[in-house]
Amino acid sequence: MRVAPSPTGDPHVGTAYVALFNKALAVRTGGRFVLRIEDTDRNRYVEGSEAMIFRALRWLGLEYDEGPDVGGPYGPYRQSERNAIYREAVETLIARGRAYRCFCTPERLAALREEQKRARASFLGYDRRCRDLPESEIERLLAAGTPHVVRLATPTSGETVVHDALRGEIRFDNATIDDQILLKSDGFPTYHLANVVDDHHMRISHVIRAEEWISSTPKHVLLYEAFGWPMPVFAHLPLLRNPDRTKISKRKNPVSLAWYREHGFLPEALRNFLALLGHSMPDEREVFTLEEFFAAFDPQRLRTTEPIFDLEKLRWLNGEWIRRLDPDELTRRVLAFYPDRYEPERARAIAPLLQPRLKTLEDWPPLADTFFFGCPDYDPALLTPKKVDRDTAQRILEAAEPAFAGVDPFEPEPLEATGRALCEQLGLKVRQVFMVLRVAVLGSKVSPPLFESMAVLGREEVLARLRAARDKLARLAAAEESTRG
RNA sequence: GGCCCCGUCGUCUAGCCAGGCCUAGGACACCAGGUUUUCAUCCUGGUAACACGGGUUCGAAUCCCGUCGGGGUCACCA
């Protein structure tokens, strides 16, 4: 089993999806999971993206048994380093008459394509002009150093049958199969050749890849046959979709694995979510670990209908995973996510308070910052919520200061007792009083539980904020007074 | 357009292979209620689907055919 991404930019969520199921089957069957870098297109090569692929797969916990940076018995695992193998393979094919050299220029091919399109030809593809070039002509062109490619000589009649483990037999009329280019004029192989040759040499038993490859699979079958190699098992996973059901794409949906990491998604949640798309657990469980997934993975339970990547459900799942984290672990994740921003001990203290309130790690700062960087400069109007006029708010704040000053120990239970006594004393509703205190102490109408928060802040800080709130209210009153006057 | 794949609530899915247990179950989202100190968590309930048409059968979401719909692919990219 293998995953074979191209180093052409940010590692793609589809790569992780395919990797996950390949790895799952490897784990289930005791096979090996291989990472191969398909870097045969020098134009699309992006510096550094290979390292990003390594990192992304490890981040998700999809370690590979063989790969460019871990080695293995069938390396090298980078196609750009395997050119001699492909050239030899191509020579074999030519010698057997299953491939041929083509000297047509890209310009001629483009013109050909144009013409076929204009004529609404049912077959779009190479017209095989070079397929039966006389030996002498080939010699002459070769001697002249004419650039050329090597093409697969597909049968012109009959049909090629692809056995897809998920979809059964898929039949293709050979007349509709193009004479695919195998070796480009720059000497690099195309995907089709390199993929087949490498899968064979690397002992890949199951080719599990995305649905978009179905239509080129007959070419691969033809290649295996031409080489006389045993056929691997093919299985095509459904393509991940945008909300409009088109193939998942950058414009319509985040596809970069780094994006998910950088936006506070947990690897546990992302891989759990991916596993949910296209495969179901026998007991219909939706939240499960990688290990549980591997243990329960059953190729029979793979689906072929194309799933829409629902970010909302991912966010829900991420929240589930955050809630499952041990508070110590949540703290570690947060500190790693926001390096050097939060004091660790206090972060640990509020972690259990914020835990049920986070969907992603990005939800942390708005709730947490008030515990680290002082009370935010909130709108004084927040101190007079519904059913609380200014005088009442003033009374609450004035009474709160001495009341909380005397609480000892400064912990949630006694603080709450004091808070409730205060309500009684003022003859006000808990709801009203607590909201005013919440805004005064935390600077927001939305916060973790009030008294737990106060305990974390400490007596001095709480009293200071209470005083500041009182001043704020007084200034507001004065301002209104002068406006009126 | 040719070829190919796919079609159960808005979304992810169970059920389909081995037809009756399905007045189609679960989850997300949404709506309503409850707990609560705000928000969230948590709990309860609700709306909501077998694309359509034939056929086979005592009986079809499940098997067959067709239609329609969606998607993929047709590069010296993978």
Side-chain angles (χ1 to χ4, degrees), chain A residues 4-6 8 38-41 43-44 102 104-106 109-110 113 116-117 120-125 147-151 162 164 166-167 170-173 175-178 180-192 194-195 209-218 236 238-239 241 243-247 273 276-287 300-301 303-317 319 323 353-359 363 367 385 416 419-420 429-435 437-439 442 444-451:
Chain A
S6 294
T8 53
E38 309 226 325
D39 57 348
T40 55
D41 184 351
N43 298 320
R44 295 211 308 159
C102 166
C104 292
T105 62
L109 296 176
R113 213 166 12 245
Q116 287 172 341
K117 268 192 177 159
R120 294 181 185 278
S122 62
F123 176 79
L124 298 177
H148 66 280
V149 301
V150 175
R151 287 180 184 274
V162 172
D164 185 288
L166 266 26
R167 299 158 205 261
I170 306 174
R171 298 174 169 278
F172 295 86
D173 187 341
T176 66
I177 303 174
D178 197 10
Q180 187 63 49
I181 290 176
L182 301 176
L183 198 69
K184 299 182 264 186
S185 60
D186 64 5
F188 280 84
T190 59
Y191 169 85
H192 308 284
N195 192 264
R209 75 237 293 196
E211 188 192 355
E212 54 187 334
W213 293 107
I214 291 179
S215 52
S216 45
T217 305
H236 291 92
L239 236 25
R241 307 291 179 152
D244 66 0
R245 296 212 171 272
T246 52
K247 168 161 103 168
F273 179 64
L276 237 27
L277 301 181
H279 181 273
S280 57
M281 296 295 257
D283 59 0
E284 288 200 63
R285 199 160 19 134
E286 304 222 306
V287 187
Q300 302 263 43
R301 300 193 66 87
R303 288 217 113 216
T304 49
T305 50
E306 316 87 341
I308 289 173
F309 192 99
D310 183 358
L311 207 51
E312 269 315 306
K313 186 149 185 178
L314 207 210
R315 288 174 56 77
W316 162 75
L317 202 52
R323 268 167 257 140
L353 269 32
L354 300 221
Q355 205 156 11
R357 296 173 169 77
L358 308 177
K359 275 206 161 83
D363 295 334
L367 256 13
E416 177 162 356
R420 291 192 185 275
K429 289 244 165 68
V430 162
R431 191 174 285 273
Q432 305 169 313
V433 175
F434 287 12
M435 183 50 87
L437 293 177
R438 178 187 318 284
V439 171
L442 296 161
S444 168
K445 282 161 67 176
V446 174
S447 82
L450 180 57
F451 302 107

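So you know, we letter chains A, B, ... as the sequences are listed, proteins then strands, and number each from 1. We use all heavy atoms of the structure for the numbers below, so side chains are in, but hydrogens, waters and symmetry mates are not. Bear in mind that the values here come from a model prediction, so they are computed numbers and not experimental data.
- B:C9 and B:C28 have their C1' atoms separated by 12 Å, given to the nearest Å.
- Residue A:Thr304 is classed as a sugar-phosphate contact, given heavy-atom separations below 4.0 Å to backbone atoms only.
- Of the two residues contacting RNA chain B, namely A:Phe172 and A:Glu416, the nearest-nucleotide position lying further toward the 5' end is that of A:Phe172.
- Nucleic acid contact class of A:Pro238 (heavy atoms, under 4.0 Å, all strands): none.
- Across all strands, A:Leu239 comes closer than 4.0 Å only to sugar-phosphate atoms, never to a base (heavy-atom distances).
- A:Val430 comes within 4.0 angstrom of the backbone, heavy atoms only, and of no base.
- A:Pro189 comes within contact range of the sugar-phosphate backbone alone, with a heavy-atom separation under 4.0 Å but no base atom that close.
- Looking at which nucleotide of RNA chain B each of A:Pro106 and A:Glu284 is closest to, the 5′-most match is held by A:Glu284.
- Within the 4.0 angstrom heavy-atom criterion, no nucleotide atom of any strand lies near A:Phe123.
- A distance-only check finds a donor-acceptor pair linking the side chain of A:Glu211 to the backbone of A:Leu239 [under 3.5 Å].
- Nucleic acid contact class of A:Arg438 (heavy atoms, under 4.0 Å, all strands): base.
- Heavy atoms of A:Arg301 sit under 4.0 angstrom from primed sugar atoms or phosphate atoms, though from no base atom.
- At a threshold of 4.0 angstrom between heavy atoms, the contacts of A:Thr305 are confined to the sugar-phosphate backbone, with no base atom among them.
- When heavy atoms are screened at a 4.0 angstrom cut-off, A:Lys445 is found touching base atoms of the nucleic acid.
- Without hydrogens or angle criteria, A:Thr176 side chain to A:Asp173 main chain gives a donor-acceptor distance under 3.5 Å.
- Remark: the separation of the C1' atoms in B:G46 and B:U37 is 28 Å, to the nearest Å.
- As rounded to the nearest Å, B:C68 and B:G53 have C1' atoms that lie 10 Å from one another.
- Nucleotides of RNA chain B with any atom under 4.0 Å from a heavy atom of chain A span, from 5' to 3', B:G1 to B:A78.
- Using N1 to N3 plus N6-O4 or O6-N4 for Watson-Crick, or N1-O2 and O6-N3 for G-U wobble, each under 3.5 Å, B:G2 pairs with B:U73.
- To the nearest whole angstrom, the two P atoms, one in B:C77 and one in B:G15, are 42 Å apart.
- The residue A:Ile308 sits close only to the backbone: its heavy atoms come under 4.0 Å of sugar-phosphate atoms, none of a base.
- Taking the C1' atom of each, B:A24 and B:C64 are spaced 23 Å apart, rounded to whole Å.
- A:Ser6 contributes a side-chain N or O that, together with a main-chain N or O of A:Glu38, makes up a donor-acceptor pair within less than 3.5 Å.
- Put simply, the side chain of A:Arg357 gets close to the backbone of A:Leu353: a donor and an acceptor are under 3.5 Å apart.
- At the heavy-atom level, A:Arg431 lies under 4.0 Å from the strands shown only through sugar-phosphate atoms.
- The gap from the P atom of B:A61 to that of B:G55 amounts to 15 Å, rounded to the nearest Å.
- Figure legend. B:C30 is base-paired to B:G46; pairs are counted as Watson-Crick or G-U wobble with both atom distances under 3.5 Å.
- Remark: A:Arg209 pairs with A:Tyr191, A:Asn195, A:Val207, A:Trp213, A:Thr217, A:His220, A:Phe234, A:His236 by the side chain to side chain contact (heavy atoms under 4.5 Å, CB included) rule, at least two apart or across chains.
- A:Arg315 comes within 4.0 angstrom of nothing in the nucleic acid, heavy atoms only.
- In terms of modelled atom types and a separation under 3.5 Å, the side chain of A:Lys313 and the main chain of A:Phe273 share no donor-acceptor contact.
- Checked by atom type and distance alone, the side chain of A:Asp178 never pairs as donor or acceptor with a backbone atom of A:Gln180 at under 3.5 Å.
- Residue A:Gly319 is classed as having no contact, given no heavy-atom separation below 4.0 Å to the nucleic acid.
- Listed by chain and number, the residues in a salt bridge (Lys or Arg N to Asp or Glu O under 4.0 Å) with A:Lys247 are A:Glu212 (sequence neighbours excluded).
- Between B:C31 and B:C22, the distance separating the two C1' atoms is 26 Å to the nearest Å.
- As the counterpart of B:C63, B:G55 is assigned, both hydrogen-bonding distances of the Watson-Crick or G-U wobble pattern falling under 3.5 Å.
- The closest donor-acceptor contact from the side chain of A:Thr8 to the backbone of A:Arg44 lies at 3.5 Å or more, if one exists at all.
- Across the C1' atoms, B:G25 and B:A14 are found 7 Å apart, a figure rounded to whole Å.
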